[in-house]
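See below for the structure under consideration.
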Protein chains: 2
Amino acid sequence: MAATMHDVARLAGVSIKTVSNVVNGYPYIRETTRARVLAAIDELDYQLNVAARNLRTGRTGIIALAVPELSLPYFAELADSVIEAADVQGLTVLIEQTGSRRERELEVLSGARRHLTDGLIFSPLALGAGDEDLLRVDFPVVVLGERMFPDSVDHVTMQNVEAARAATEHLIALGRRRIAVVGVHPGEVVGSAGLRLAGYQEALEAAGIPVDERLLGEAGLWHRATGAEAMARLLEDGAEPDAVFALNDAMALGALHELQVRGLRVPQDVAVIGFDAIDEGSYSNPSLTTVDPGREQIASTAVRLLIEQMRSRPAEHVPQRVYADFSILERGSTVVEAPAVRPRVHA
Amino acid sequence: MAATMHDVARLAGVSIKTVSNVVNGYPYIRETTRARVLAAIDELDYQLNVAARNLRTGRTGIIALAVPELSLPYFAELADSVIEAADVQGLTVLIEQTGSRRERELEVLSGARRHLTDGLIFSPLALGAGDEDLLRVDFPVVVLGERMFPDSVDHVTMQNVEAARAATEHLIALGRRRIAVVGVHPGEVVGSAGLRLAGYQEALEAAGIPVDERLLGEAGLWHRATGAEAMARLLEDGAEPDAVFALNDAMALGALHELQVRGLRVPQDVAVIGFDAIDEGSYSNPSLTTVDPGREQIASTAVRLLIEQMRSRPAEHVPQRVYADFSILERGSTVVEAPAVRPRVHA
DNA sequence: TCCCCCGTCTACAACGATGTAGCCTGGCAC
DNA sequence: GTGCCAGGCTACATCGTTGTAGACGGGGGA
């Protein structure tokens, strides 16, 4: 069927290895030889067989990205960024969805696809405290997010505590005092939920506002739907918030929706701030104030660290922890936007 | 480093081929032998080297999914569905982002990754009329969407014309007469834009409403931002619409945002309907009426057809065209929702 | 003049699995 | 007792590439 190096070699009148050398850019080849080989490749429409190269070299040119779900916009946008960053480096990305299921996350770390990829960028959700050892694997891994902290592994993360504190301070500066949180994971300490809640508490404390347990809205999965549900519960339980800090944008948008369905005005009655800076938040009504956690920076840093690991002997790589820069994007869900000019309206 | 079949064979005291036979479920193996081999596999923590198997068998267990962009929610959700459907069949999905760039779409069809995958599910945007021949490739392909129609290729698609007609009829039934379209590609006939516009025109015609060119809002890329821009242009050019049919949900949400920023009430002043039924539309304010084009059905059908192609000789596979079922999801952007009970509000 | 080195190229053996062919053993029919 | 067959297993070649070692010819330094 498809042409192999053998066919090219015969047509060009050289050895197979010379074809290989041409393909791989080996320098010591006479120009005339190189031209003949390239002509033969062109004529036969030859394509390198990646599987064979993989077998021989042990490298695949593929890195895996394991995320909970692509239908969560943050992870879709993260995947987009990772694919772009990897493409620049000539790498292909294989996306694994773990569905936040522990068993699938374990599979990713130990699984059969290891031979198919040169490394893994891993954004765990289900694995947690006590699972640190599982990350000590013998292939390149970069961890995203906040779940685990073995120092032996590269780690790219957000400044969760600081950013959450800044988000809360933004609400406090607006005069809000009854600030609800949506997406709390009770008892969690090291995960994103725990850290962001800690930032929230720091800000309240600094402002001398007591923490009211009734304002803490639980939500296991961080979807739009769970954000709406948590918001509904807060309202029905009489928490009477004047602001909401949703621990991610998807929940913030769900909460925003729920507030408006119930006739509450945002931001006048309740201000809402999210976390992630997904594109969607720019187009909600009102648009969503949020924390930009530096997604692109996280993606490109993760790819860079992974490549460094891939290129160095395991022993000589010094694991790093990188914190991306963050910023608060102030939009209409906390600050009343300039009154719009009412345009021509049809009669 | 990692154990190979050779190591397992030595430990179990059998030949390499017997190990291979055990791994592949070959039936004629004594129970005691099988047990010994399995024990050895377990002890050595042996993992099959996929690259080697690929080289030998020519199969990889990977299928490629080529989409324009994961940051477009429809494609993120489609990818999610395809990954799930493929996983059920024991296949891994490699996602390629083409960024709607013609050159990247060509690469996907002819590119080097062919050796890495057993087939391709391809959602083209940039390729168009005249490119039909490019799809006659010698490996399994299933095409999604509306761009090209060679009968020689499997094709899973939406009922674009009918669904768009139904969407427009929904608006007409609500008494709207000046229905703007957002996302028009002037001159296009076979693409999603062309077909959906055709459905729109059919509906107007059937209702005896003349088509007003000024109501056709152009947008090349179908993002939230382009939807908002097209909406702004329509309003500024004095088109005075009383309804908007956005050709996808992302643009619909952009348009919705733009309308509200300008102080227009949705649906009272302008009704909005989208197309795609992305999750996000359930949580906008108001929630978005849209066309559900049967995304899950499309994904699972595409995977099924691809597997059929992979299993049969090229000659004996009869290409099919499958149209997914659609439905209209009526929500708050066209129909005023039941007035919400105003809950306890903080003083 | 001789030797070495450099540029250019080739032969051969691997990478780790699987397909093919065939060996051996025991049981059964004749 | 012989022949045959099926079950259970093995040896070997092979997939298409790349790493290693080394061949070869010509130019420059000793």
Side-chain angles (χ1 to χ4, degrees), chain A residues 1-41 44-62 90 112-118 138-139 310, chain B residues 1-41 44-62 111-118 139:
Chain A
M1 293 288 287
T4 72
M5 276 194 177
H6 201 94
D7 305 322
V8 175
R10 206 169 29 194
L11 182 61
V14 296
S15 76
I16 294 183
K17 189 65 224 271
T18 299
V19 177
S20 170
N21 286 338
V22 169
V23 169
N24 290 288
Y26 180 74
Y28 297 122
I29 301 177
R30 212 172 310 164
E31 260 322 304
T32 56
T33 313
R34 183 193 307 279
R36 251 185 313 140
V37 170
L38 289 176
I41 286 177
L44 295 175
D45 211 11
Y46 167 75
Q47 294 266 6
L48 180 78
N49 183 323
V50 191
R53 168 187 276 179
N54 294 354
L55 176 58
R56 190 59 240 244
T57 63
R59 301 220 145 178
T60 66
I62 302 181
R113 313 233 228 270
R114 271 170 45 179
H115 280 293
L116 221 54
T117 54
D118 297 339
D138 58 356
F139 60 95
M310 283 159 38
Chain B
M1 294 288 287
T4 73
M5 276 195 177
H6 200 93
D7 304 323
V8 175
R10 207 170 26 195
L11 182 59
V14 296
S15 75
I16 292 183
K17 189 65 223 270
T18 298
V19 177
S20 170
N21 286 338
V22 168
V23 168
N24 291 288
Y26 180 75
Y28 299 124
I29 300 175
R30 211 173 311 166
E31 262 320 307
T32 56
T33 313
R34 182 192 309 278
R36 250 186 312 141
V37 170
L38 290 175
I41 286 177
L44 294 174
D45 210 11
Y46 167 74
Q47 294 267 4
L48 181 79
N49 182 324
V50 192
R53 168 188 275 177
N54 294 354
L55 176 58
R56 190 63 240 246
T57 64
R59 302 221 141 177
T60 67
I62 303 181
R113 313 235 229 268
R114 270 169 46 180
H115 281 291
L116 220 55
T117 54
D118 297 337
F139 60 94

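Just so we're on the same page: letters track the sequence lines, and every chain starts at 1.
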Point to revise | Base C/dT18 to side chain B/Arg56, donor-acceptor N/O within 3.5 Å cut-off | key: yes

Practice item. In whole angstrom, give the distance that lies between atom CZ of B/Arg59 and atom C1' of C/dA17. Key: 16 Å

Review point. Expressed in angstrom and rounded to an integer, what is the separation of B/Ile29 atom CD1 from D/dA6 atom P?
Key: 19 Å

Review point. Is there a side-chain polar atom (N or O) of A/Thr57 under 4.0 Å from OP1 or OP2 of D/dT17?
Key: no

Practice item. Please confirm whether any donor atom in the side chain of A/Arg53 sits under 3.5 Å from an acceptor in the base of D/dT17, or the reverse. Key: no

Review point. CZ of A/Arg34 versus C1' of C/dC9: gap in Å, rounded?
Key: 13 Å

Review point. Would A/Val37 and A/Ile29 count as a side chain to side chain contact (heavy atoms under 4.5 Å, CB included) if you check the C-alpha gap in whole Å, the side-chain angles of each, and the deciding distance to 0.1 Å?
Key: CA-CA 11 Å; A/Val37 170; A/Ile29 301 177; over 6 Å; no

Review point. Does the side chain to side chain contact (heavy atoms under 4.5 Å, CB included) test come out yes or no for B/Asn54 and B/Ile62, once each step is laid out?
Key: CA-CA 10 Å; B/Asn54 294 354; B/Ile62 303 181; 5.9 Å; no

Check your understanding: Which of these nucleotides, C/dG16, C/dG7, C/dT18, is closest to any side-chain atom of A/Tyr28?
Key -> C/dG7

Review point. Hey, what do you get for CZ (A/Arg10) to CD1 (A/Ile16), rounding to the nearest 0.5 Å?
Key: 9.5 Å

Exercise for review: Measure the spacing between OG1 of B/Thr4 and CG of B/Leu48 and express it to the nearest 0.5 Å.
Suggested key: 11.0 Å

Check your understanding: Tell me: OH of B/Tyr26 to C1' of C/dA17, nearest whole Å?
Key -> 17 Å

Review point. To the nearest Å, how far apart are B/Leu44 CG and C/dG16 P?
Key: 14 Å

Study note, to complete from the structure: d(A/Asn24 CG, A/Arg53 CZ) to nearest 0.5 Å is 5.0 Å

Check your understanding: At under 4.0 Å between heavy atoms, what does A/Leu55 touch on the DNA or RNA strands: base, sugar-phosphate, or nothing?
Key -> base

Point to revise | Interface residues of residues 6-21 of chain A with DNA chain D (non-hydrogen, below 4.0 angstrom) | key: A/Ile16, A/Lys17, A/Ser20

Review point. Which part of the nucleic acid, if any, lies within contact of A/Asn24, taking any heavy atom under 4.0 Å across all strands shown: a base, the sugar-phosphate backbone alone, or nothing?
Key: sugar-phosphate

Revision key, fill the gap. Taken to the nearest whole Å, CZ/B/Arg30 to P/C/dC24 is 16 Å

Practice item. Evaluate the side chain to side chain contact (heavy atoms under 4.5 Å, CB included) criterion for residues B/Val14 and B/Val22: first the C-alpha distance (whole Å), next the side-chain angles of each, then the deciding distance (0.1 Å), finally the verdict. Key: CA-CA 11 Å; B/Val14 296; B/Val22 168; over 6 Å; no

Practice item. Could you go through the side chain to side chain contact (heavy atoms under 4.5 Å, CB included) check for A/Arg36 and A/Leu11 one step at a time? Key: CA-CA 9 Å; A/Arg36 251 185 313 140; A/Leu11 182 61; over 6 Å; no

Check your understanding: Rounded to the nearest Å, what distance is computed from the OH atom of residue B/Tyr46 to the P atom of nucleotide C/dG16?
Key -> 10 Å

Review point. B/Met5 side chain: which of C/dA17, D/dC9, C/dC9 is closest?
Key: C/dA17

Check your understanding: D/dC15 P sits how many Å from A/Leu48 CG, rounded?
Key -> 16 Å

